[in-house]
Amino acid sequence: MENEKNQDVRMKELLVDLMPKKFDRQGQIWVVFLVLVMGLGLFAYIRQLKHGLIVTDMRDYTSWGIYISNFVFFVAISLVGSLVSAILKLTNVPWRTPLVRISEIIAVSAILFAAIIIIVDMGRPERFWHLFVYGRIQSPILWDVIVITTYLTISVLLLYIPMLPDLAICRDSMVGVPKWRRKLYKMLALNWQGNKKQYAIMNRSIQILAVLIIPLAFSIHTVTSWLFATTYRAGWDSTNFGPYFISGAFMVGAGAVIAVMYVLRNHYRLEKYITHRHFDNMGKLLVLLSLVYLYFNINEYLVPAFKMKELEGAHLRELFSGHYAPMFWSVQIFGMCVPIVVLLFKKGRRPLPLFIISIMVVVGAWFKRFLIVTPTLLHPFIPIQNVPLSWTRYFPTWEEWAITSASLAGALLVITLFVRLFPIIPIWEVAEEQNISHELIIKPVQ
Amino acid sequence: MKKYGFLWLKFVAVFLVASLASSRQGLQAQDEPAAVQAAIKLSFDTEDSVKMVTATVTKTDAEGKTIPAPEVELTFYAKKSFGLLPIGDAQTTDENGEAKVEFPRSLPGDRAGNVTVLAKFEDNEELGSMETMQTVKWGIPVQADEEINQRALWASGSNAPWPLVITVSAMVGGVWAVIIYILVLIFQIKKAASYEIKKQN
């Protein structure tokens, strides 16, 4: 057991390294950029509110465009919270500590904007409450609303409760911060003093939430897949959709965590805490998840392609060799196959190559959701006679791109501001791993 | 002044000519015969166990007397919930002003077998457009699909199947009960503080 003085020195080092820091010039430019993108999106949304959904390219055929693709993408990415905070915790994976909060804030921001983008997709958003008043419990759409609300609540709790000791550290250690921030830390820290009883209650709460969030994470994305799979449409009418969506969600979530941890590590010089080992392990996890996703992709496309039933065949031809073929093959090759091949090699799991691969996975995943949602809608069962040409194709308008970009920027802004205000790597957990006593993590007030 | 006086004369002359022209038109309209009055009458007969619908079209002649209207093309329909279902092809009235169509044996009616039959002609050069309808008990009685009012997956929200309602409510209720328990634990964390933090700030 090291003496108290050494522990105290290491605790001070941790505080210097891991306490939230002011934005530098790059950080300020980044925030301004995100705010500008959000401002443009807000302007586009005001236009949409004023003129209605006619400002989009959605018509009678393609009634779900990139808003819903984006929604599915956000829901998918949010699953990473349960992967790192719950699955890796319950399986006692020791290297997960610096990644827990990163994954949880990604989950919270993603699910928050998933909920927002659903309202954006509504032509009459002021009628959102009708969903609760007139909703049918038989409809997967109502299940989705229930599950998203519940998942968001649990994700916020799973982000917040393990933060209590760090909030107390902020409350007690941060000097020269504005009064509102001191008040915020004090309010959120809930009188945390790090006594045994508080630790016991906190650990118990985290344990319960970690168990609870796993079935809920599976539910949220299974239900999202059922929005499609419960309809009798070519490309959606699949019993494979639940596991197919979940495996894809874990994959893109892991990719997002890698991308964010790479940026934070480089920007805040966190090499001591987010090491090559973390990248190597996350790379291995990502390749495993990609292989599982590949397996479900084969089931999803190869089995119906073997039969080529009439409508299913038309849909698949559109993907394999038709209008959407360049996007489809780009997504499958660069968003899935190349990552699998690269990540099988140790050199491919080093920080920079892994970061590039993770960006490919995340971008590929976004377009994959577009390919799941839109091409199916362009093949209606009952074609309408004398249909206007504009209904038979879909290309998002600038308003749709602006609003979608704004939602992505909004999610990134939530993460950015969180990093500015709170320690993104759990200080108290790192301290525990370094055998620093609880008394030194939160010092009693003299 | 002379200029204005000339204008006045011109205005009066135009007014007089216009008035005369309109009065002549009025005289001509009165000379024309009154508009033709048309009517359609539906009758239902069974001939050799074949149900026939007959529409008799009549019109008024120059003296206002009702006479058959031949060569009028009309169509028979059955009135359904969301539109008109044509019965057979369009028919042309004969010299008696009659047109017939066979009533389909398989046509469903309401619970009592009532079918509203409609006959109409449109844009006839002489008679214009007209329609008439009458209800006849010739349809196959159809029992309303009671399934829509039963508890089923496809029914309205208030008729959701009990097993689904119970399962979903139990799952959602169970999860939210745990969330409430967690909130209670959070409150206990705050209460578990052994000294007052206020001193620090």
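Values below: all heavy atoms of this structure, side chains included; hydrogens, waters and symmetry mates excluded. Chain letters run A, B, ... following the sequence lines, proteins first, then strands; residues in each count from 1.
- Note on V165(B), L153(B), V178(B): by heavy-atom pairs under 4.5 Å with chain A, the leading option is L153(B).
- Counting heavy atoms from C-beta outward, Y77(B) and E131(B) have side chains that stay 4.5 Å or more apart.
- Contacts between Y181(B) and chain A at a heavy-atom distance below 4.5 Å involve the side chain alone, from C-beta outward.
- Using a 4.5 Å heavy-atom threshold, the side chains of P20(A) and R181(A) count as touching.
- Using a 4.5 Å cut-off between heavy atoms, I208(A) contacts chain B through its side chain alone, with no backbone atom that close.
- When the shell of 6.0 Å around CE of M19(A) is examined, it contains more than 12 heavy atoms from other residues, nucleotides or ligands.
- Your options are M202(A), K179(A), R204(A), and the one with the most heavy-atom pairs under 4.5 Å with chain B is R204(A).
- Of the candidates F228(A), W226(A), F241(A), W236(A) forms a ring pair (Phe, Tyr, Trp, His ring centres under 6.0 Å) with just one, namely F228(A).
- Among T150(A), N195(A), I137(A), L212(A), the residue with the largest count of heavy-atom pairs under 4.5 Å with chain B is T150(A).
- Between E98(B) and K100(B) there is no salt bridge, since no side-chain nitrogen of the basic residue lies less than 4.0 Å from a carboxylate oxygen of the acidic one.
- Judged purely by distance below 3.5 Å, without hydrogens or angles, the side chains of D144(A) and T224(A) pair a donor atom with an acceptor atom.
- Using a 4.5 Å cut-off between heavy atoms, L142(A) makes no contact with chain B at all.
- Looking at S205(A), both its backbone and its side chain come within 4.5 Å of chain B, counting heavy atoms on both sides.
- Heavy-atom pairs under 4.5 Å with chain A were tallied for L183(B), V172(B), V168(B), I186(B); the largest tally goes to I186(B).
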